[in-house]
Amino acid sequence: YSLRNSLKGIENICQANGLIRCHRSFFVNLNMIKIIRRTPQGVFAEIDHAGVENIPVSKTYEETVLSRFNSR
């Protein structure tokens, strides 16, 4: 089946399943974040899984991601 929807359209479903929006193109599972690192290029979430590159955290979602990460 082909599904066509925006990330905004599936955001509620993702949040209900433990994912959080961290960038306009990314959701991340908070339980898989090892550390959140601030670099000169921006903020990145390092994932606790081999072969997965760091996930960018945009300024729009930074405060929400940091507060949810620190409260877990």
Side-chain angles (χ1 to χ4, degrees):
Y1 292 96
S2 180
L3 175 67
R4 194 174 162 114
N5 205 338
S6 66
L7 288 179
K8 184 68 176 170
I10 62 170
E11 190 166 0
N12 289 336
I13 296 167
C14 290
Q15 286 179 353
N17 289 295
L19 302 175
I20 186 170
R21 186 95 181 250
C22 64
H23 187 273
R24 70 184 195 121
S25 302
F26 293 95
F27 285 93
V28 67
N29 183 339
L30 284 173
N31 296 325
M32 296 298 288
I33 296 176
K34 182 169 50 174
I35 191 170
I36 296 179
R37 186 177 312 279
R38 185 179 306 276
T39 69
Q41 292 79 27
V43 178
F44 294 90
E46 291 185 17
I47 304 300
D48 191 19
H49 190 70
V52 177
E53 294 185 24
N54 296 337
I55 306 295
V57 179
S58 68
K59 291 179 182 179
T60 305
Y61 301 101
E62 182 179 345
E63 185 178 326
T64 304
V65 171
L66 288 173
S67 66
R68 298 263 317 264
F69 178 74
N70 290 329
S71 68
R72 64 181 180 126

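What's counted below: heavy atoms across the whole structure, side chains too, no hydrogens, waters or symmetry copies.
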Test item: Phe27 and Ile20 side chains (from C-beta on) under 4.5 Å apart, heavy atoms: no
From CD1 (Ile10) to CG (Asn17), nearest 0.5 Å: 10.5 Å
Test side chain to side chain donor-acceptor pair (under 3.5 Å) applied to Gln41 - qualifying residues, sequence neighbours left out: Thr39
Spacing of CG belonging to Asp48 relative to CE belonging to Met32, to within rounding of 0.5 Å: 6.0 Å
Shortest non-hydrogen contact from Pro56 toward Phe26: CG-CE1, 3.6 Å
Approximate separation, where rounding is to 0.5 Å, of Lys34 NZ and Arg37 CZ: 8.5 Å
Summary of side chain to side chain donor-acceptor pair (under 3.5 Å) pairs that have at least one residue in residues 55-72, sequence neighbours excluded: Arg38-Glu62
Intermediate values then yes/no, side chain to side chain contact (heavy atoms under 4.5 Å, CB included), Leu19 and Val28: CA-CA 5 Å; Leu19 302 175; Val28 67; over 6 Å; no
ILVMFWY cluster, Ile35 and Val65 together (side-chain gap under 4.5 Å): no
Spacing of Phe69 atom CZ and Cys22 atom SG [to the nearest 0.5 Å]: 12.5 Å
Straight-line distance of Asn29 CG to Ile55 CD1, nearest 0.5 Å: 11.0 Å
Full working for side chain to side chain contact (heavy atoms under 4.5 Å, CB included) between Ile33 and Ile47: CA-CA 5 Å; Ile33 296 176; Ile47 304 300; 4.1 Å; yes
Pairs touching residues 11-27 that satisfy salt bridge (charged side-chain N to carboxylate O under 4.0 Å, His left out), sequence neighbours left out: Lys8-Glu11, Glu11-Arg21
